[in-house]
Amino acid sequence: MHCGQVANFKTNSNIPTEKIAIAINSKIKKSIVVKNAEEVEENFHARLSCKKKTYRYIINNSEYGTAIYRNLEYHIPQKLNVEEMQKAIKYFVGEHDFKAFKASGTSSKSSVRIIYEAEVRKEADKIIIELTGNGFLYNMVRIISGTLVDVGVGKIKADQIPKIIEQKDRKNAGKTLPPQGLYLVNVEYEK
């Protein structure tokens, strides 16, 4: 099952499941929309039952940026070498200890995660970084994106990524990019 943002809750409401989205939407801010509701097993958990997540980070790589999307993408006016970023992102695919790519104070017991797919693509003035994995550490996508920006400006070489992963030292990875530009695109659950 593929989904966007998912939440779960228990209820003893008499509202039919197919009407719950309409009922919730009538009571919440217009900046949030519930599109669907369905009944799930008692042990289902929106975060812990997830098998795969896909995150996207959007960089506006134009000279001046944009006023309209300024809070929805990160602006970097310095031209980035997309080809080198594309080479670098491939090193993140697989099962690795991503300790170098987590924020300090992260409470996760293990920093080992699996990245199934990783892509950097250019669409007009935008550079899109997309990662699909079995889970992500706090700020992991923003730190990986910051590391890829360092590759794009020539501060880090693409082939240095395996060593940065292996050293497990946060100081060797790139900076944490700001939250604007980060999107949870898809969440996958077993049928």
Handout entry: Heavy-atom side-chain proximity of Asn60 to Thr66 below 4.5 angstrom
Key = yes
Exercise for the section: Output yes when a side-chain donor or acceptor of Arg70 lies under 3.5 Å from a complementary backbone atom of Tyr74, and no otherwise. Expected result: no
Completion exercise
Across all chains, not counting sequence neighbours, the side chain to side chain donor-acceptor pair (under 3.5 Å) partners of Lys109 are none
Handout entry: Modelled atom types, side-chain donor and acceptor of Ser111 and Asp97, under 3.5 Å
Key = yes
Handout entry: Inter-residue atom distance Glu119.CD - Lys90.NZ, 0.5 Å rounding
Key = 8.0 Å
Handout entry: Heavy-atom side-chain proximity of Phe101 to Asn172 below 4.5 angstrom
Key = no
Exercise for the section: Tell me, please, which residues at least two apart from Lys87 pass side chain to side chain donor-acceptor pair (under 3.5 Å). Expected result: Glu84
Handout entry: Glu166: side-chain contact (heavy atoms from CB on, under 4.5 Å) partners, not counting sequence neighbours
Key = none
Exercise for the section: Kindly compute the distance separating CD1 (Ile89) from CD1 (Ile144), expressed to the nearest 0.5 Å. Expected result: 7.5 Å
Practice task
Could you grab the distance from atom NZ of Lys175 to atom OG1 of Thr147, nearest 0.5 Å is fine?
Solution key: 11.0 Å
Problem - Fellow cluster residues of Ile24, listed by chain then number, with links counted only when side-chain atoms sit under 4.5 Å apart - result: Phe9, Ile15, Ile20, Ile28, Ile32, Val34
Practice task
Calculate, to the nearest 0.5 Å, the distance between atoms CG and NZ belonging to Asp125 and Lys79 respectively.
Solution key: 5.5 Å
Handout entry: Atom pair CD/OG of Glu41 and Ser49 - distance to nearest 0.5 Å
Key = 10.0 Å
Fill in the blank from the handout: For Lys126, the salt bridge (charged side-chain N to carboxylate O under 4.0 Å, His left out) test, sequence neighbours excluded, returns Glu73
Problem - Sidechain-backbone polar pair: Tyr183 side chain, Ile58 backbone, donor-acceptor under 3.5 Å - result: no
Exercise for the section: Look at the side chain of Asn61 and the backbone N and O of Leu80, then say whether any donor-acceptor pair between them is shorter than 3.5 Å. Expected result: yes
Problem - Basic-acidic side-chain contact under 4.0 Å: Glu42, Lys10 - result: yes
Practice task
Mind checking side chain to side chain donor-acceptor pair (under 3.5 Å) for Asn8 and listing every partner two or more places apart, or none if nothing turns up?
Solution key: none
Practice task
Show which residues join Val33 in its hydrophobic cluster (side-chain heavy-atom contacts under 4.5 Å, direct or indirect), or state none.
Solution key: none
Exercise for the section: Please answer whether the main-chain N or O of Ile114 pairs with a side-chain N or O of Asn134 as donor and acceptor at a distance below 3.5 Å. Expected result: yes
Practice task
Just grab all the ring-ring contact (aromatic ring centres under 6.0 Å, His included) pairs involving residues 112-166, residues at least two apart or on different chains.
Solution key: Tyr55-Phe136
Fill in the blank from the handout: Sequence neighbours excluded, the answer for side chain to side chain donor-acceptor pair (under 3.5 Å) partners of Gln78 is none
Fill in the blank from the handout: All heavy atoms of Ala7 vs all of Ala46, minimum pair found to be CA-CB, 4.0 Å
Problem - Selection residues 130-148 - residue pairs positive for salt bridge (Lys or Arg N to Asp or Glu O under 4.0 Å), sequence neighbours left out - result: Arg56-Glu130, Arg121-Glu130
Practice task
Would you please name every residue forming a side-chain contact (heavy atoms from CB on, under 4.5 Å) with Gln180, sequence neighbours left out?
Solution key: Pro178
Problem - Counterpart residues, ring-ring contact (aromatic ring centres under 6.0 Å, His included), relative to Phe98 (two or more places apart) - result: His96
